[in-house]
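Every chain is numbered from 1, with letters handed out A, B, ... down the list of sequences. Since the structure is predicted, the reported quantities are computational estimates derived from the model, not experimental observations.
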Amino acid sequence: MLDKSFSPDTTESRLYELWERSGAFAARPDSNAEPFAIMIPPPNVTGTLHAGHALTMTLQDILVRWRRMQGRDALWQPGTDHAGIATQMVVERQLDGEGVRREALGRDGFIERVWAWKKQSGGVITQQLRRLGASLDWPRERFTMDEGLSEAVREVFVRLYREGLIVRAKRLVNWDPMFRSAISDLEVESREVRGHLWHIRYPVEGEDGLSVVVATTRPETMLGDTAVAVNPGDERYAALVGRFVVLPLTGRRIPIVADSYSDPEKGTGAVKITPAHDFNDFGVGERHGLPMPSILDADAKVVLDEIEAELRAIPGLADPDFVRGLAGQSREAARKSIVAELERLELLVAVEAHTHQVPHAERGGAVIEPRLTVQWYCDAAKLAGPAIEAVETGRVQFVPKQWENTFFAWMRDIQPWCISRQLWWGHRIPAWYGPDGQVFVAHDEAGALEQARAHYGAETALSRDEDVLDTWFSSGLWPFSTLGWPTQTADLARYYPGDVLVTGFDIIFFWVARMMMMGLHFMGDVPFRQVFIHGLVRDERGQKMSKSKGNGLDPLELIDSYGADALRFTVCALTGLGRDVKLGAKRVEEYRSFVTKLWNAARFLEMNGVRPVDGFDPHAARGQLARWIIDEAGIAVAEATAALEAYRFDEYAAATYRFTWNRFCDWFLEFAKPVFLAGDTPEANELRAAAAYVLGVILRLLNPVMPFVTETIWAEFGYGAEGSLIRAPWPEPVRLAEAETIGAELDWVIRFIGEIRAVRAEVNVPPSRVTPVLLRDASDATVARARHWSEAISRMARVSEVSVLAGEMPQGAAQAVVDEATLILPLAGIIDLDVERARLRKEHARALDEAAKVERKLGNADFVARAKPEVVEENRERLRAFGEEAQRLQAALQRLG
RNA sequence: GGGCGCGUAGCUCAGCGGUAGAGCAUCGCCUUCACACGGCGGGGGUCACAGGUUCAAUCCCUGUCGCGCCCA
């Protein structure tokens, strides 16, 4: 017997282990089943499960479990990525605690430490995914730093290099001075910062007293200025273009150039140009062939090497000693010193408060310094072409479709992808250098040495590139590297392309774009056919969850409190297309009620001897009640299936919830009670079998979203062995002959009971008081129905008996109208007739009002002439029904006197 | 500045040419033999605003206002 209540804590881990151990999550590459493959977007190995994971993984698990039940050979590929910067940061922090510096360990020693860390605490998230119930094929788990995946990375790098799609170049990059590495422009976020706009006077060379005033937010970069730019159309400066100014502090002579980048409306209309430390200035520098000295080093401290030679002493304007004193100072300190010096020299014309956008590193939060460095670049624009085409032609479809615009916008304007990172943890770039800097790219050192021998004509020692590749470089290969590529494995042939990628819109540029570019280039086909984009998880007030706000929700705590099923169902029910999910503990608590409801319904059935009956054929059921609920279940199956096919998780949840609670529990179980009580009759047994059948349908429909509670009930009832529901077939919608007739009858019973309940409640009949119901003007069919369902009506509407009114209307009765019949509840002395009169008047008015609305419509000749005939007919029918109802209510009122 | 999305019951949202819905909250009644994480019933909405198309607009079009996000 099922316990009084469901205990997730004692059930979940046991069931999960049972599934996992029995191979229920495993793909079946040797089967004939059609594959269904989802590649997990690999979570960061340093990560722990947050609400966003709970959302995306629940949705993926629902899809996987559903398709598996449909008989597909489901592969849900698990794994994590090595998260270069994040992981290196974690281990460095660990080392900090021990007072050890990374450099002291050396590269190999450090990497050993990272692996040790990975072994010990990496993959916490994979354990947490198990708590959520995620049915990943664990033996296939991969890590982007695995040997196989690393081989894929080397192969891709070498091939792209040979195809000219990877080059080494000196360009401006987003430099993170904290990590001392280049980072992706996608890992940079603009933050609004309150700063200043400093107006600085740059004297024009050879013109006493004439100067140009530039406005800048970063005065410290003036050490690296190589021009002043003015707009070509700006008449104020037209005469000065081609002349030179003397750069204060360094005394360097720099040109005044005309460039449309300078906005005459902004500041003074003249801007200083520092090509090595600003992206826009870099463009100006390229257009005008300007020198590009760097004046900040990897730590964003002042370095003078590239401007030292040109320092000049000019009284009142430039002092080499001052500049030399800046060497080694941070950006911030240098700014202070320089502003003070300019002020002293009376070159600072004005300072205004100014709010502007400053690039920050998403991770770590350091202010990004654009720096001119040599990096490896991948020609993303070339790779993007086929990816764009794949979406244009529909080979890859986004759901919802509007995200395709976001994808296109970004892909069509894609910048060269800087793939090198100045880190130790990651895939080391397979490039070696000769003594003269000649580069040799090969799969391994032996290959590089061989190339070097051919190149130099002699054995030559090489040194390997120190940098590693961007983590996304390896994640982009995930859909095929996990399947064994570059070896042409059977898995690769079977599971590539996958069916769908599920992720949040914030990740379109990362996973979706990269996987598509790499997949198309190396596999010649898209990595997945659909991309389902879901919203972000927010808190109850709609705020983005964040550590700093402290409004994050720990999914594990929610699971502890309410069970994984409740959390999963909540997330599912709240996932509408293109909507963010506002999640709170309260919502999970609410949906836990549904888990409990299902549990109690099952318990009730179990207590009434309901057990699955082998060979029960729903089509052969004879009883009306059985046929009705079987047919209703068929509708629910069709709705749930259609919803899942359309990624309408909210609809799937709503359809199963509605059927289970509002049909099966509220009505079917109530109607079934007397039958069950009848004991061992053939009718009762058929209804038990039908109830078992429908419960089986419910359990299967809900298993993808609530695997634990459904599996528990499934085993308890003996539908199959414990842990076998996950392998049970997804139900097919069963529709019965004459379902409409039966549906109409049950619909009538439900309305009949509902009317009596409403009347009783409204005129305040105490529930303990049972009354007879007398039928007036009822058709024979109605009388027959009322007799047939009298037991249910009696119990559910607290009616002593239903009979046909004979003779006069009793005094002091309440009345209600159901179709052609008027129901009379003799309640003399119990009810307040004024209340009853008011109630009837209201009903009457409502019917009249509706009738009038329809009448107005039908009175419109244009409507009758132009509207679809069935719509017109429908309205005629409505007018008739409302009119008759109004008449009957009117009559009821008159009888009341 | 460009783009996308959203304004429907107190809250969260569904509906998207012809009867305005759900869950929660609220109010009333009920410890009725599965379930008070429950049952029954009720109240509550000029569907942001203004035009237009249409026989008919919450739904389609245009504009306005408000909110959110992405890109620059």
The side chain of [X] lies closest to which of these nucleotides: [options]?
X: Arg866(A); options: rC55(B), rC40(B), rA34(B); value: rC55(B)
X: Thr596(A); options: rC37(B), rC55(B), rG39(B); value: rC37(B)
X: Glu762(A); options: rG18(B), rG42(B), rC37(B); value: rG42(B)
X: Ala761(A); options: rU19(B), rG39(B), rG41(B); value: rG41(B)
X: Glu590(A); options: rC29(B), rC24(B), rG41(B); value: rC24(B)
X: Tyr657(A); options: rU12(B), rC35(B), rG23(B); value: rG23(B)
X: Lys842(A); options: rG43(B), rC35(B), rG39(B); value: rG43(B)
X: Asn875(A); options: rU19(B), rG18(B), rG23(B); value: rG18(B)
X: Asp862(A); options: rC55(B), rC4(B), rA34(B); value: rC55(B)

Phosphate oxygens OP1/OP2 of [N]: is one of them under 4.0 Å from a side-chain N or O of [X]?
X: Arg603(A); N: rA34(B); result: no
X: Lys853(A); N: rA20(B); result: yes
X: Lys586(A); N: rC11(B); result: no
X: Ser593(A); N: rG38(B); result: yes
X: Arg648(A); N: rC13(B); result: no
X: Trp661(A); N: rA34(B); result: no
X: Lys597(A); N: rA34(B); result: no
X: Lys673(A); N: rA34(B); result: yes

Contact class for [X] vs. all strands (heavy atom < 4.0 Å): base, sugar-phosphate, or nothing?
X: Glu189(A); answer: nothing
X: Arg658(A); answer: nothing
X: Arg757(A); answer: sugar-phosphate
X: Ala409(A); answer: nothing
X: Leu669(A); answer: base

Note to self: Would you say that more than 12 heavy atoms from the other residues, nucleotides or ligands in this model lie under 6.0 Å from the CZ of Arg769(A), or not?
What the structure shows: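 Atom CZ in Arg769(A) is not crowded, with 12 or fewer foreign heavy atoms closer than 6.0 Å.
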[atom1] atom, [N] versus [M]: distance in rounded Å?
N: rA14(B); M: rA9(B); atom1: P; answer: 12 Å
N: rC37(B); M: rC70(B); atom1: C1'; answer: 41 Å
N: rG17(B); M: rC59(B); atom1: C1'; answer: 6 Å
N: rG52(B); M: rC24(B); atom1: C1'; answer: 39 Å
N: rC33(B); M: rG39(B); atom1: C1'; answer: 14 Å
N: rC69(B); M: rC47(B); atom1: C1'; answer: 24 Å
N: rA57(B); M: rC61(B); atom1: P; answer: 16 Å
N: rU8(B); M: rU46(B); atom1: C1'; answer: 13 Å

Any-strand Watson-Crick or G-U partner of [N], both distances under 3.5 Å:
N: rA50(B); result: rU62(B)
N: rG44(B); result: none
N: rG18(B); result: rC55(B)
N: rG23(B); result: rC11(B)
N: rG38(B); result: rC30(B)
N: rC67(B); result: rG5(B)

Notebook entry, point to check: How many angstroms lie between atom CZ of Phe532(A) and atom CZ of Phe649(A), to the nearest 0.5 angstrom?
Noted result: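 One finds 5.0 Å between CZ of Phe532(A) and CZ of Phe649(A).
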Next item on the list: State whether the side chain of Tyr591(A) and the backbone N or O of Val571(A) hold a donor-acceptor pair below 3.5 Å, judged by distance alone.
Entry: no
Round to the nearest Å and state the distance from [X] atom [atom1] to [N] atom [atom2].
X: Glu855(A); N: rA56(B); atom1: CD; atom2: P; answer: 19 Å
X: Phe505(A); N: rC69(B); atom1: CZ; atom2: P; answer: 9 Å
X: Asp580(A); N: rC4(B); atom1: CG; atom2: C1'; answer: 13 Å
X: Arg579(A); N: rC67(B); atom1: CZ; atom2: P; answer: 17 Å
X: Arg876(A); N: rG18(B); atom1: CZ; atom2: P; answer: 19 Å
X: Glu589(A); N: rA25(B); atom1: CD; atom2: P; answer: 10 Å
X: Phe676(A); N: rC33(B); atom1: CZ; atom2: C1'; answer: 15 Å
X: Lys857(A); N: rA56(B); atom1: NZ; atom2: P; answer: 11 Å

Next item on the list: Determine the minimum heavy-atom distance between Pro370(A) and Arg218(A), stating which atoms define it.
Entry: CD-NH1, 4.4 Å
Next item on the list: Mind listing the closest non-hydrogen atom pair of Pro400(A) and Leu577(A) along with its distance?
Entry: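 Reported closest heavy-atom pair: CG-CD2, 4.3 Å.
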Notebook entry, point to check: So, Phe398(A) versus Trp403(A), ring centres under 6.0 angstrom or not?
Noted result: no
Notebook entry, point to check: Is the distance between the ring centroids of Trp667(A) and Phe671(A) under 6.0 Å?
Noted result: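 That pair passes the under 6.0 Å test.
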Notebook entry, point to check: Want to settle it: does Tyr591(A) or Lys868(A) sit nearer the 5' end of RNA chain B, counting the closest nucleotide to each?
Noted result: Lys868(A)
Checklist line | Closest-nucleotide 5' rank along RNA chain B - winner of Arg538(A) and Asn405(A) | finding: Asn405(A)
Next item on the list: Check whether any side-chain heavy atom of Asn600(A) lies under 4.5 Å from a side-chain heavy atom of Phe604(A), and answer yes or no.
Entry: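 A side-chain contact is absent here, since even the closest heavy-atom pair is not under 4.5 Å.
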Note to self: If you define the side chain from C-beta out and look only at heavy atoms, does anything of Glu885(A) sit under 4.5 Å from His844(A)?
What the structure shows: no
